[in-house]
Amino acid sequence: MSLKQQQNQLLSAIFALDNANKITTDNVTLAQNKGYTAGLEIYQRSLLANANRALAITFATVHSFIGASTFKRLVKSYLQTHLKDAYDWGELGANFASFIKHQKIADLENSAILADIATLDFACHQTERAKNVDKDLASLSLLSSKDAYQLTVNFAAGFKVLPLSYPVDTVIEDIKNSHKKNNILSVEAIKQQLTHAELAGKKANAYYFLIWRPSFQAQYQQITEEEYLWLALWQSNQTQPVNQQLSLGRALDKTKTDRFSIVDWLPKAIEQQLINSISTQTPD
Amino acid sequence: MFSLNKKPTAGLPLIGVGLRHHHFEDALNSPANIDFIEVHAENFFAQGGASHAMLSDIAQHYHISLHATSLGLGSSLPAPQKQLAQLSNLVERYQPILISDHACFSWAEVSGIDTHAGDLLPIPFNDESLQMMVANVERAQQQLGQQILVENLSAYIELPGSTYREAEFLVKLCQQSGCKLLIDLNNLIVNATNQPLLSCSAKTPSFSDQENILAYAKQWLNRVPKSLVGEIHLAGCTQVADGEMMIDDHSQPVSDTVWHLYHYALQQFGAVATLIEWDENLPSWQTLIAEAEKAKLIAKEVFSTAQKTAALNKLSSNHLKDISGEQ
C-alpha cells in the first residue's frame with residue numbers, strides 16, 4: 001500500500017466517526033495493527049471535540065439556544081456529511097447553516113429559523129475576522145467639497161448585508177430576555193419561542209440585515225429593503241478592481257427607488273461607524 | 001505595562017511559555033521573567049480583528065515563536081499554497097524567532113475530496129515518507145524564507161511500513177531538508193508509555209516501568225546530533241493506569257520524569273530554547289510562569305556545573321603544564 005493510500009484510509013476511518021464504521025474494506029489493512037481501534041477512537045474523539053469547540057465559538061447563538069448536547073450531535077452529523085476542507089478551525093462551518101435547515105433539531109417542526117440564526121452567526125464571525133480598515137473621519141469633509149462622482153465610500157471592516165427569511169434580531173432578543181428571566185431556558189421553551197417567531201416571520205417575504213464591525217465586535221441590525229439594495233451595491237463593489245470602484249454619484253444613479261434617501265442614511269451611517277472614510281477617485 | 005525584556009541571560013537557554021487566549025491580559029499586565037512567547041499560528045490566520053491587536057501588543061513585550069499545527073508536513077497531499085501564504089504573512093508581520101510544525105500528516109483525500117484532519121496524524125518512518133516530507137519542508141522553508149523546526153509527535157496509531165527508528169528518520173529529514181528538530185520530551189515519554197499497546201515493529205521494544213521508559217527516551221536523544229536541535233518542548237499530561245493509552249493532553253504540570261529528561265537533554269544539546277506548553281485545564285499565569293522558572297533553575301544547574309567542570313579541567317590542565325614546566 002502506498003503512503004497516499006495509507007493516509008487516505010486512516011483519515012477516512014477517522015471521519016467515519018461511528019463505531020460500526022471503524023473497520024471497513026477501506027481500512028481493513030490498517031485495522032490489523034495492534035491498538036488500531038483504541039488509537040482510532042482517540043483521533044475520532046479529538047476531531048469531534050475540536051470541531052465542537054470551534055463551531056460553538058462560530059455559532060455561539062445557535063449553541064446557546066439548542067444546548068451543548070444537541071449541538072454536539074449536530075456537529076457529529078455535520079462532520080460525517082461535510083468533510084473538513086478548511087485547515088483553519090475558524091473557517092469551519094461555511095455550510096453549517098444550510099445543513100441545519102434540513103435537520104430535525106430538538107423536536108423543532110422547522111429548523112429554517114435556526115438556520116437563519118446560524119447564517120447570522122457565521123456572518124458576524126466572518127466580520128470579526130475580516131481585514132482591518134483604516135479610519136479617517138476627517139475625510140468625511142470631502143462630502144461637502146467634492147463632486148459625488150469623484151468620491152467613494154470606504155465601509156467598516158467586514159461590512160456585509162444579508163437577506164433572511166425571519167426577523168432573527170427580534171427572535172434572538174426575545175429568547176435572550178427569556179433566558180434572563182428564567183435563568184436556564186428549557187428546550188421546550190425555546191421551541192415555543194422559535195415556533196412563535198416562525199409564524200411571525202411569515203408576515204414578510206424577507207428581512208434584511210446589515211453586519212459590520214465598528215471596532216472588534218460585530219454588530220448587526222435589521223434594515224429596510226431600500227437600504228439593503230443600496231448597501232448591496234457597495235458590497236459587490238468591494239470585489240471590484242480599484243479602477244472600477246463605484247463612485248457615490250454613480251451608486252445614486254444606480255439606485256432606482258425614490259424611497260431611499262442618502263440625506264437620511266448618511267448621518268446615521270456615520271454615527272454608527274459604518275463608514276470609515278471617504279476617498280477621491282477618478283470619475284467613472 | 002512593563003518594558004521589553006528581550007535579553008536572555010548569558011549562557012542560559014531562551015525559556016518561554018505557550019500563550020493561550022485565557023492568559024493574554026495577564027501576559028500584558030504582569031511582568032514575567034520569560035524570554036519568549038509561543039502562539040499557535042492558526043489562531044492568527046484571520047485577516048484582521050481582535051486577535052491581531054492582541055498579538056501586536058504581545059510582540060511589543062516578548063519575542064514571538066510561531067508554532068503551526070496544520071501544515072501536515074508528512075502529507076502526500078501537499079498543503080494548499082494559500083495556507084503557506086497565510087503563515088508567510090504572519091512571519092512577515094511578527095518576525096518570529098522560531099517557526100515550527102510537526103512530523104505528521106494532516107491532509108489526505110476522503111471520498112475523493114481534499115480533507116484536513118484537524119489533527120497531527122502519524123506517518124511511517126520509511127524512505128517514501130522521508131522523500132515526501134523533505135519536499136514539503138523545503139517548500140515551506142522556501143516560502144517562509146527561513147529554516148523551520150519540525151517536532152516529533154505523540155502517536156496513538158502505529159502505521160505499518162517503518163524501516164527507520166523515529167530519531168533516525170528525523171535526523172535524515174534535518175540533514176536532507178536543512179530544517180532542525182523541535183524535540184518534545186513529553187511526546188517521547190507518551191510514545192514509550194503507549195508502546196506496548198501499539199507496537200507492530202520488532203524495532204520498537206516494549207517498556208514496563210518508568211526506568212525503562214526513561215532509558216528509551218535517553219536512547220532516542222542519544223541518536224540526535226547536538227547541531228540539529230533547535231528547541232525543546234516541555235509539557236505534562238494526565239497519568240493513566242497500566243494498559244491504558246496515555247494522551248498528550250497538555251493539561252498538567254511537567255512531570256518529574258520529563259524534568260529529569262530535560263536535565264539530560266540540556267547536557268546533551270547545550271542551551272537550547274525551551275518552551276512550557278499547557279493547553280487544557282489551564283492554570284493561573286503565575287503557575288505557568290513558575291514552570292518556566294523551574295526550567296530556568298534546571299538550566300542554571302546544568303550549565304553552572306558544566307562551567308565548573310570546564311574551569312576545573314582548565315585549572316588541572318594548567319597545573320599539569322606548570323608541573324611539566326617545572327620538570
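Remember, predicted model here, so these are calculated numbers, not experimental data. Per chain, numbering begins at 1; letters A, B, ... match sequence-line order.
Two residues are said to be in side-chain contact when any heavy atoms from C-beta on lie closer than 4.5 Å; S76(B) and Q6(A) fail this criterion. Within the 4.5 Å cutoff, no side-chain heavy atoms of D88(A) are placed close to those of S70(B). L121(B) has its side chain within reach of L11(A): a pair of non-hydrogen atoms, C-beta onward, lies under 4.5 Å apart. Taking the side chain as every heavy atom from C-beta outward, Y87(A) and Q86(B) approach each other to under 4.5 Å. Annotation: side chain of L10(A) is in contact with side chain of F105(B) (closest heavy-atom distance under 4.5 Å).
Of the atoms belonging to D114(B), it is backbone heavy atoms, and not side-chain ones, that fall under 4.5 Å from chain A. Proximity to chain B is limited to the backbone of A86(A), based on heavy atoms less than 4.5 angstrom apart. For L120(B), the part sitting under 4.5 Å from any heavy atom of chain A is the backbone (N, CA, C, O) and nothing else. In this structure, chain B has a heavy atom under 4.5 Å from the side chain of I14(A), while its backbone stays farther away. Residue contact with chain B, scored on non-hydrogen atoms closer than 4.5 Å, involves the side chain of N50(A) exclusively. In this structure, chain B has heavy atoms under 4.5 Å from both the backbone and the side chain of A38(A). Residue T127(A): no heavy atom, backbone or side chain, is found under 4.5 Å from chain B. For S51(B), no part lies under 4.5 angstrom from a heavy atom of chain A.
At least one donor-acceptor pair closer than 3.5 Å links the side chain of Q7(A) to the backbone N or O of G74(B).
Classification of E280(B) and R53(A) as a salt-bridged pair holds, one side-chain N sitting under 4.0 Å from a carboxylate O.
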